[in-house]
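Numbered from 1 within each chain, the chains take letters A, B, ... in sequence-line order. The figures that follow rest on heavy atoms only: side chains count, while hydrogens, waters and symmetry mates do not.
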Amino acid sequence: MRPFFIYNTLSRKVEEFIPLKPGVVTYYSCGPTVYLPQHLGNMRSYLFTDTLKRTLRLNGYEVRHVMNITDVGHMTSDQDGGEDKIEKTARAEGRSPKEVADYYTGLFIRNIELLRIEKPTVPPGQFCRATEHVPDMIALIGRILDRGYAYVAPSGVYFDVEKWRGANRMGRLSRQSLEEQFSEQRLEHASDKRSKHDFALWVLNQPHHLMQWDSPWGRGYPGWHIECSAMSMKYLGETLDIHSGGLDHVPIHHENEIAQSESATGKPFVRYFVHNAFLVGMEGVKISKSAGRFPVLADLAAAGIDPMAFRLFCFGAKYRSELAFSLDAVRAAQTNLDYIREFARGVPESIAHSPDSDWVESWFDRFHEAVNNDLNTPQALAVVLDLIGEAYRRGDKRIWNAMRRIDTVLGLDLESVRQQAASAILPPEIESLRAQRDEARKRKDFARSDALRSELQSRGYEVRDTPQGTLLHRRG
RNA sequence: GGCGGCGUACCCAAGUGGCCAAGGGAGAGGUCUGCAAAACCUCCAUUCAGCGGUUCGAAUCCGCUCGCCGCCUCCA
């Protein structure tokens with residue numbers, strides 16, 4: 001078995017990955033808050049999650065993966081004040097919070113499907129909605145209170161950061177002390193918290209908030225961080241193998257998750273924390289929600305770019321590096337996609353189902369090694385393109401078994417592309433034009449054959465002359 | 001103010017102490033072709049922001065300078 005290496009934010013090192021339980025990986029990844037469309041930067045993050053899952057599976061692991069959908073708004077500020085983001089959108093759009101959440105959840109899932117990002121496996125094919133796990137959150141808050149790491153104040157139930165810091169290691173993920181984190185002290189809310197560092201587990205006495213639940217401490221709603229702890233531990237156990245999210249989650253969200261979870265269970269919460277870097281815009285500016293306008297998948301479609309091209313585009317950089325977004329860069333990926341698909345279309349049924357040539361195995365090994373090296377997808381992609389080039393050079397397309405295995409990681413659905421080309425039945429009138437063109441070419445009536453080519457192209461077909469006659473591919 | 005990251009050819013981007021600095025896109029030339037298309041071949045950074053230093057040897061380690069960015073408030 002080939003070792004799999006991954007960068008662990010906890011140690012700041014690339015480590016060999018070894019799961020707690022042989023053969024099974026428990027994995028929780030942070031999902032979206034559904035109050036705005038998910039932009040391409042978000043999609044890069046979920047694509048990273050998907051690649052990690054697929055690579056683990058390539059290595060023989062069963063991946064138990066949970067992903068949340070935050071459909072109860074937390075505050076626009078992590079502190080006491082601010083407005084609930086979902087409710088803000090709801091008011092602006094004149095809809096209920098549930099309508100807002102449902103709408104953007106649907107949009108999110110459609111984008112996930114377009115990018116062929118696999119859905120969570122626990123529960124099978126389901127995302128965990130925060131609103132459906134409020135009792136689990138309440139139970140977890142109860143455990144934290146029982147162990148003395150939280151207290152009830154009039155405005156809410158708060159996590160006692162000072163006490164936890166005394167007992168443990170707050171800041172071990174971000175490597176920042178609380179003083180460093182809050183050095184500017186911009187957060188000077190007059191509140192009933194014992195310390196300004198304390199964060200809400202449950203919010204009380206916010207009568208204007210639209211979404212409220214009963215709890216042992218009164219009517220209210222959960223704090224931002226608690227859902228991830230509650231849902232991950234409910235489905236995956238109290239110690240997770242892997243937890244991932246965007247780099248921005250390191251200092252606050254994940255730090256607080258660790259504190260909540262470990263104070264409740266007394267066990268390590270996560271063994272490998274993995275964080276992905278951002279997609280940045282043309283000026284090196286983060287494509288963030290607060291920046292206003294940001295590209296979404298539909299913008300790419302409008303530019304004639306396939307969602308699978310965006311997949312390839314993201315493979316072009318390591319997940320831990322910022323990736324500079326531009327339409328030109330994505331178009332380059334589209335060209336690569338066309339190249340790979342073109343090869344797939346040329347692999348006949350007989351070859352696809354017979355063993356690979358001997359020389360192919362070492363290429364697959366190189367791919368596997370690249371991807372196992374902290375998901376070095378740029379290198380892996382280079383191997384794939386080189387493998388296809390080698391197949392052309394040798395005139396030997398017996399590489400399809402390896403390509404199928406490679407595609408379990410790439411997720412481009414190449415086998416379908418191949419099969420569709422192999423079984424393509426042309427409409428009768430198109431077939432007739434094709435036959436006429438072959439006839440014209442035999443007679444060397446090139447004026448006629450060129451006219452027929454234009455005709456076919458205008459009907460959306462790529463026209464290519466081969467020794468076997470005119471070959472047609474539907475574009476797009 | 002505190003913490004952290006980045007700067008590799010026209011563009012995207014691997015490589016983090018040692019064969020010639022991956023790969024792709026764009027560009028140039030060529031093979032093939034009736035012409036195309038597809039594919040293949042060749043060319044395309046003596047150089048890794050700049051300046052010093054460590055070393056037998058550095059894009060890779062250290063220092064300084066310049067430039068860019070993220071986090072510290074919700075954010076993938």
Side-chain angles (χ1 to χ4, degrees), chain A residues 12 29-33 35-36 38-49 70 73-79 81-85 88 171 174-187 224 244-253 275-280 283-291 312-313 315-326 328-336 338-339 342-343 345-346 370 376-386 388-389 391-393 395 441 444-447 449-450 453 457 462-467 470-471 473:
Chain A
R12 304 279 159 114
S29 60
C30 285
T33 302
Y35 68 106
L36 280 176
Q38 297 293 303
H39 59 246
L40 292 176
N42 298 125
M43 300 327 285
R44 183 194 185 196
S45 187
Y46 305 129
L47 232 24
F48 149 68
T49 290
T70 303
H74 35 273
M75 297 294 93
T76 48
S77 157
D78 192 46
Q79 297 304 307
E83 196 179 358
D84 180 305
K85 290 190 285 194
K88 188 177 172 189
S174 62
R175 304 258 166 116
Q176 279 181 286
S177 70
L178 290 171
E179 286 69 24
E180 285 168 347
Q181 263 192 47
F182 296 95
S183 58
E184 185 124 340
Q185 297 197 8
R186 298 194 216 168
L187 324 163
W224 174 36
S244 75
L247 214 47
D248 52 328
H249 281 328
V250 173
I252 297 288
H253 185 49
H275 296 96
N276 65 280
F278 292 119
L279 185 69
V280 297
E283 301 83 31
V285 177
K286 177 181 163 187
I287 303 170
S288 68
K289 294 181 181 181
S290 53
L312 273 186
F313 169 67
F315 290 153
K318 285 203 65 174
Y319 74 94
R320 286 197 286 125
S321 299
E322 283 187 345
L323 172 57
F325 174 81
S326 71
D328 280 348
V330 182
R331 285 203 183 97
Q334 177 74 50
T335 302
N336 282 153
D338 293 341
Y339 174 77
E342 177 60 26
F343 181 84
R345 283 193 284 258
N376 192 334
T377 50
Q379 199 172 85
L381 193 55
V383 171
V384 173
L385 296 173
D386 198 20
I388 290 173
Y392 275 124
R393 278 187 289 276
R441 291 190 70 233
K444 301 212 184 287
D445 180 356
F446 297 122
S449 93
D450 286 351
R453 173 160 59 201
Q457 283 172 339
E462 267 177 49
V463 180
R464 188 167 309 153
D465 296 332
T466 72
T470 297
L471 200 63
H473 284 313

| said: With heavy-atom distances below 4.5 Å as the criterion, would you say the side chains of A:Leu381 and A:Leu312 are in contact? | reply: yes

| request: For B:G17 versus B:G25, give the span between their P atoms, rounded off to a whole number of Å. | output: 30 Å

| message | Can you measure A:Tyr319 atom OH to B:A13 atom P for me and round it to whole angstrom units? | response | 17 Å

| Atom pair distance, as rounded to whole Å: CZ in A:Arg320 and C1' in B:G70 | 16 Å

| query | What is the nucleic acid contact for A:Gly389, judged by heavy atoms within less than 4.0 Å: base, sugar-phosphate only, or nothing? | reply | sugar-phosphate

| field | Watson-Crick or G-U pairs under 3.5 Å in RNA chain B, rendered as dot-bracket with [ ] for crossing pairs and | for another strand | value | ((((((((.[[[..)..(....]]].(((((.......))))).....[[[[[..)....]]]]])))))))....

| Toward the 5' end of RNA chain B, by each residue's nearest nucleotide, A:Ser45 or A:Arg441 | A:Arg441

| message | Base, sugar-phosphate or nothing for A:Leu323? Non-hydrogen atoms, less than 4.0 Å. | response | sugar-phosphate

| Which heavy-atom pair separates A:Thr33 from A:Gln38 by the least distance, and what is that distance? | O-NE2, 3.8 Å

| Are A:Phe446 and the base of B:G34 stacked, counting only ring centres nearer than 5.5 Å and planes tilted under 30°? | yes

| Distance, P atom - from B:A59 to B:U54, rounded to whole angstrom | 16 Å

| remark: Testing B:A76, B:A13, B:C35 for proximity to the side chain of A:Phe278, the answer is B:A76

Where do N or O atoms of nucleotides 23-27 of chain B meet protein N or O atoms at under 3.5 Å, pair by pair?
residue	atom	partner	partner atom	Å
B:G24	O3'	A:Asn336	ND2	3.2
B:G24	O2'	A:Asn336	OD1	2.4
B:G24	O2'	A:Asn336	ND2	2.9

| query | Whole-Å distance between B:C69 P and A:Leu247 CG? | reply | 17 Å

| query | Counting N and O atoms only, with roles assigned by atom type, does the side chain of A:Thr335 sit under 3.5 Å from a partner on the main chain of A:Arg331, one being a donor and the other an acceptor? | reply | yes

| remark: Between CG of A:Leu40 and C1' of B:C12 the distance, given in whole Å, is 15 Å

| said: Taking A:Glu322 first and then A:Arg44, would you say they form a salt bridge - that is, a charged N and a carboxylate O separated by under 4.0 Å? | reply: no

| message | So that I can tick it off, tell me whether A:Asp450 and A:Arg441 are bridged by a salt bridge, with the cut-off set at under 4.0 angstrom between side-chain N and carboxylate O. | response | no

| query | Say you pick atom P in B:C40 and the same atom in B:G5; how far apart are they, in whole Å? | reply | 41 Å

| Whole-angstrom distance between B:C61 and B:G23, as gauged at atom C1' | 27 Å

| remark: Here the distance between atom C1' of B:U73 and atom CG of A:Asp248, to the nearest Å, is 12 Å

| remark: Of all heavy-atom pairs linking A:Thr470 and A:Val463, the shortest is CG2-CG1, 3.9 Å

| said: What contact category does A:Tyr46 fall into here, base, sugar-phosphate, or nothing, at under 4.0 angstrom with non-hydrogen atoms? | reply: sugar-phosphate

| said: Looking at A:Thr377 and A:Ala380, would you say the former's side chain and the latter's main chain have a donor-acceptor pair under 3.5 Å? | reply: no

| request: Using the C1' atoms only, state how far B:G24 lies from B:A13, rounded to an integer number of Å. | output: 8 Å

| request: Starting at atom OH of A:Tyr392, determine the distance to atom C1' of B:C32, rounded to an integer number of angstrom. | output: 15 Å

| query | Distance check: side-chain N/O of A:Arg393 vs OP1/OP2 of B:A39, anything under 4.0 Å? | reply | no

| field | 5′-ward residue of the pair A:Cys30/A:Ala317 relative to RNA chain B | value | A:Ala317

| If you measure from OG1 on A:Thr70 to OH on A:Tyr35, what distance do you get to the nearest 0.5 Å? | 10.5 Å

| message | Rounding to an integer number of Å, can you tell me how far A:Gln379 CD sits from B:G15 P? | response | 7 Å

| Taking the side chain of A:Glu342 as heavy atoms from C-beta outward, which of B:G34, B:A38, B:A13 is closest to it? | B:A38

| message | What is the separation between atom CG on A:Asp445 and atom C1' on B:C35, rounded to the nearest whole Å? | response | 14 Å

| remark: Nearest heavy-atom contact between A:Ser244 and A:Phe48 is CB-CE2, 3.9 Å

| field | Sugar-phosphate only, base, or nothing, as touched by A:Thr49 at under 4.0 Å among non-hydrogen atoms | value | nothing

| remark: Out of B:C12, B:G34, B:G15, minimum distance to the side chain of A:Phe313 belongs to B:C12

| said: Using side-chain heavy atoms (C-beta onward) and a distance below 4.5 Å, is A:Asp248 in contact with A:Phe278? | reply: yes

| query | Does any non-hydrogen side-chain atom of A:Phe325 lie less than 4.5 Å from one of A:Val330? | reply | yes

| query | Out of B:G34, B:A76, B:G15, which has the shortest distance to the side chain of A:Asn376? | reply | B:G15

| message | Starting the side chain at C-beta, find the nucleotide from B:C35, B:A76, B:A37 nearest to A:Arg464. | response | B:A37

